Amino acid sequence: MYLRQRVKVLLEQAVSELKIEEHWPADLTVIPDVEHPASPEHGDYSTNLAMKLAKPLRQSPRAIAEKLKAKLESQGKDLWDGVEVAGPGFVNLHLNPAVLAAEVGRVRQGGEAYGQDTWGQGRKLLLEFVSANPTGPLNIVSARAASVGDALARILRSQGVAVDTEYYINDAGNQALLLGESLAARWKQSQGREASLPEEGYQGEYITDLAQEIARENTEAINRMLAGPGPDADLLAFFKNKGVEKIVGWHKLALADFGVTFTRWFHEIDLVMPPQGSGIQPVETVVAQLKDLGFLYEKDQATWFRSTDFKDDKDRVLIKNDGTKTYLTTDIAYHVYKFARGYTELIDIWGPDHHGYIARMQAAMLALKHPGDAFHVLIAQQVNLLENGAPVAMSKRAGVFITMADLIKDVGRDVARFFFLMRSTDAHLDFDLDLARKHTDENPVFYVQYAHARICSILAKAREEQWTVPAPGNGPALFEPMVPEELAVVRSLTAFPEIVEAAARNLEPHTVAFYLRDLATEFHRFYTLCRVLDPEARERSQARLALIDAIRIVLRNGLDLLGISAPEKM
RNA sequence: GCGCCCAUAGCUCAAUUGGAUAGAGCGUCUGACUUCGGAUCAGAAGGCUGGGGGUUCAACUCCCUCUGGGCGCACCA
């Protein structure tokens with residue numbers, strides 16, 4: 001049990017005892033907030049419990065705080081250096097430095113598992129992200145979504161949540177058709193035949209290149225089609241299928257280069273025509289369900305879903321008057337299929353242009369009786385690439401843009417990931433390419449990695465010089481009193497599990513990135529002021545070796561949660 | 001016009017989800033090791049948290065309103 005959890009338990013015990021002794025109402029339920037005060041004078045932990053109880057108990061917060069203080073003092077005697085009531089009714093808890101020192105051993109004993117927890121066990125979650133149309137290379141927003149999704153998966157898993165990740169390939173709709181038409185047109189043009197790109201077709205140069213590539217690899221098949229009964233239709237379908245396959249291949253490659261893998265790549269087409277034995281309910285089933293539930297109606301020869309029953313702005317068409325289904329229809333079926341596979345929670349990460357889409361999908365999930373909190377959408381906001389202080393102009397339509405693969409090649413995997421994870425997901429992000437390219441102290445990712453490498457270097461030197469590094473768990477405790485820099489860094493170490501837990505609960509991976517930067521700062525400060533290997537003070541040196549080893553572990557574990565490497569040398 | 005997101009130091013962003021004196025990085029200025037990695041550290045300057053009103057012990061955080069930005073508002077995806 002991590003430190004704060006122990007404090008919470010003590011607090012809960014105190015309340016339940018006071019309930020009896022003070023005749024507090026038995027049905028009194030409070031969840032104690034135990035937090036780190038902003039100011040160190042206010043202790044290691046502090047709770048606002050007394051203020052929260054003031055109203056239901058009709059007593060002054062300070063009086064309640066005094067009672068809590070007395071209880072805590074007697075119960076956790078060996079934990080505290082002091083307990084005090086402060087301000088309007090805070091109870092501030094100062095930890096005994098020996099307790100803090102012991103945490104170093106706990107970190108080292110935990111090793112890779114330090115920071116992991118089990119409260120998420122029993123949750124079965126499907127995280128869907130990127131899911132870009134297979135009509136062109138992945139863009140920068142996809143890179144951001146990939147960073148966030150992958151980090152979230154790692155963070156949630158570390159808390160015991162069973163997470164699968166999935167990529168949805170939109171290969172059954174208009175966009176895929178347009179891709180096929182664009183490819184076919186470009187190929188025909190290359191053959192000197194009359195053809196023009198469709199109105200909304202894809203114009204990028206990669207289309208022309210891809211068309212050539214497909215033609216080159218499939219000359220026989222194409223010749224057969226040309227000689228067949230319906231060459232145009234055959235060619236369209238052929239180029240569509242081959243094009244999607246190729247582009248999905250690009251996506252897989254770019255993501256693999258980025259260190260992002262998915263449990264499953266799911267094809268939209270499988271909902272339209274479920275493969276034999278797949279157990280997938282075709283999209284019509286969902287339409288029928290919604291109809292049975294009374295949420296559908298006919299208007300203007302189309303079938304509408306009354307999503308306004310669930311707070312959507314307007315009702316949505318599911319089946320168009322030409323008989324085909326909208327994107328939403330298949331997407332609803334997809335999400336139903338996610339639930340059908342036993343996932344109790346769905347999280348989707350969407351691009352900024354889809355936020356208007358959230359309400360209708362939530363409406364559908366509610367209509368189909370899935371609890372409102374079982375489906376959650378995160379928006380990965382827009383990314384502006386900056387170069388020489390000015391935005392990099394990009395136009396997807398014209399095919400002029402920097403792809404995810406370009407970016408990774410340019411700045412590297414670790415830098416790209418860290419930059420994306422330095423911002424909260426739903427905030428716009430300015431990505432400074434010049435800064436990202438710099439391998440200097442200005443680049444924040446190196447600051448954190450450098451701390452790790454520096455520690456590894458000291459540990460290597462210690463081995464070289466035959467220092468004994470105390471074994472995890474039973475090494476000498478840090479001597480007392482610890483200097484302020486040591487105390488500060490140990491406090492940061494004890495906060496790590498709390499940070500990861502909060503990041504998982506709130507789906508905010510960026511807090512881990514901020515934490516790591518702060519921890520690196522604490523270490524660098526400690527390093528500057530405190531010599532680790534000092535022949536004049538062997539015992540203290542051993543304690544400090546244990547300390548930096550604990551820091552190393554937390555830095556590595558934290559970087560790992562973000563999918564970023566922890567180099568031993570730089 | 002309607003809906004959602006955003007507005008915090010010169011710039012880019014945090015703020016433990018309603019907690020105590022709003023914090024970092026970059027930039028600017030001033031400093032620091034003869035020794036474990038200077039990709040480092042210390043200090044200074046910098047703020048009416050866009051404006052106004054409200055809710056309460058407590059508001060950057062919640063509610064209302066105004067201003068200024070972004071994005072949506074398809075029988076596209």
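Note that the structure is a prediction, hence the values are computed from the model and not measured. Sequence lines set the chain letters: A, B, ... in the order given, protein chains first and strands last, and positions in each chain run from 1.
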Enquirer: Dot-bracket for RNA chain B, please, read 5' to 3', with Watson-Crick or G-U wobble pairs under 3.5 Å on both distances, ( ) within the strand, [ ] crossing, | other strand, . unpaired.
Expert: (((((.(..((((.....[...)))).(((((.......))))).....(((((..]....)))))).)))))....

Enquirer: Base, sugar-phosphate, or nothing for Asn506(A), non-hydrogen atoms under 4.0 angstrom?
Expert: base

Enquirer: Please determine, for the side chain of Lys55(A), which listed nucleotide (rU56(B), rC5(B), rU21(B)) has the closest atom?
Expert: rU56(B)

Enquirer: Would you kindly give the CG-to-P distance between Asp312(A) and rC2(B), to the nearest whole Å?
Expert: 18 Å

Enquirer: Would Glu166(A) and Lys338(A) pass as an ion pair if we require N to O under 4.0 Å?
Expert: no

Enquirer: Provide, to the nearest angstrom, the distance between the CG atom belonging to Asp331(A) and the C1' atom belonging to rA77(B).
Expert: 10 Å

Enquirer: Flag the pair Phe375(A) / His335(A) as yes when their ring centroid distance falls below 6.0 Å, and as no otherwise.
Expert: yes

Enquirer: Between rU65(B) and rU49(B), how far is it from one P atom to the other, in whole Å?
Expert: 22 Å

Enquirer: Write down the protein N/O and nucleotide N/O pairs, taken from nucleotides 18-20 of chain B, whose separation is under 3.5 Å; answer none if there are no such pairs.
Expert:
| unit_1 | atom_1 | unit_2 | atom_2 | d |
| --- | --- | --- | --- | --- |
| rG19(B) | N7 | Asn48(A) | ND2 | 2.8 |
| rA20(B) | N6 | Ser46(A) | OG | 2.8 |
| rA20(B) | N6 | Asn92(A) | OD1 | 2.5 |
| rA20(B) | N1 | Asn92(A) | OD1 | 3.3 |
| rA20(B) | N1 | Asn92(A) | ND2 | 3.1 |

Enquirer: Using a strict cut-off of less than 4.0 Å between a Lys/Arg side-chain nitrogen and an Asp/Glu carboxylate oxygen, indicate whether Arg491(A) and Glu103(A) qualify as a salt bridge.
Expert: no

Enquirer: What's Ala302(A) touching, base or sugar-phosphate or nothing? Going by heavy atoms closer than 4.0 Å.
Expert: base

Enquirer: Take atom P in rA15(B) and the same atom in rC60(B), then report the distance between them in whole Å.
Expert: 15 Å

Enquirer: Take atom CG of Leu421(A) and atom C1' of rU12(B), then tell me their distance rounded to the nearest Å.
Expert: 16 Å

Enquirer: Need the glycosidic conformation of rU12(B): syn if within 90° of 0, anti if not. Which one?
Expert: anti

Enquirer: rU12(B) P sits how many Å from Arg517(A) CZ, rounded?
Expert: 16 Å

Enquirer: Going by side chain to side chain donor-acceptor pair (under 3.5 Å), name the pairs with one or both residues in residues 350-366 of chain A, residues two or more places apart or in two chains.
Expert: Asp331(A)-Tyr357(A), Asp348(A)-Trp350(A)

Enquirer: What is the per-nucleotide protein-contact pattern of nucleotides 30-39 of chain B, from the 5' end, where B denotes a base atom under 4.0 Å from a protein heavy atom, S denotes such proximity for sugar-phosphate atoms only, and - denotes neither?
Expert: -----BBBSB

Enquirer: Below 4.0 angstrom from OP1 or OP2 of rG23(B), is there any side-chain N or O of His36(A)?
Expert: no

Enquirer: Calculate the interatomic distance between Arg423(A) atom CZ and rC11(B) atom C1'; express it in whole Å.
Expert: 11 Å

Enquirer: How would you list, by chain and number, every residue that makes a side-chain contact (heavy atoms from CB on, under 4.5 Å) with Arg556(A), sequence neighbours excluded?
Expert: Glu112(A), His452(A), Arg552(A), Ile553(A), Ala566(A)

Enquirer: Just the rounded figure in Å: distance from C1' of rU12(B) to NZ of Lys438(A).
Expert: 14 Å

Enquirer: Using the P atom in both, what is the distance from rU61(B) to rC29(B), to the nearest Å?
Expert: 36 Å

Enquirer: Looking across every strand, which nucleic acid part, if any, lies under 4.0 Å from Glu485(A) by heavy atom: base, sugar-phosphate, or nothing?
Expert: nothing

Enquirer: Work out how far the P atom of rG23(B) is from that of rU16(B), and round it to whole angstrom.
Expert: 13 Å

Enquirer: Where do N or O atoms of nucleotides 70-74 of chain B meet protein N or O atoms at under 3.5 Å, pair by pair?
Expert:
| unit_1 | atom_1 | unit_2 | atom_2 | d |
| --- | --- | --- | --- | --- |
| rC71(B) | O2' | Pro352(A) | O | 3.4 |
| rC71(B) | O2 | His355(A) | NE2 | 3.2 |

Enquirer: At under 4.0 Å between heavy atoms, what does Asn321(A) touch on the DNA or RNA strands: base, sugar-phosphate, or nothing?
Expert: base

Enquirer: What is the distance, to the nearest angstrom, from the NE2 atom on His267(A) to the P atom on rA77(B)?
Expert: 19 Å

Enquirer: Here's a test of your reading of the structure: between Asp518(A) and Ser424(A), which maps to the more 5' nucleotide of RNA chain B?
Expert: Ser424(A)

Enquirer: When the C1' atoms of rG51(B) and rA7(B) are compared, how many Å lie between them, rounded to an integer?
Expert: 12 Å

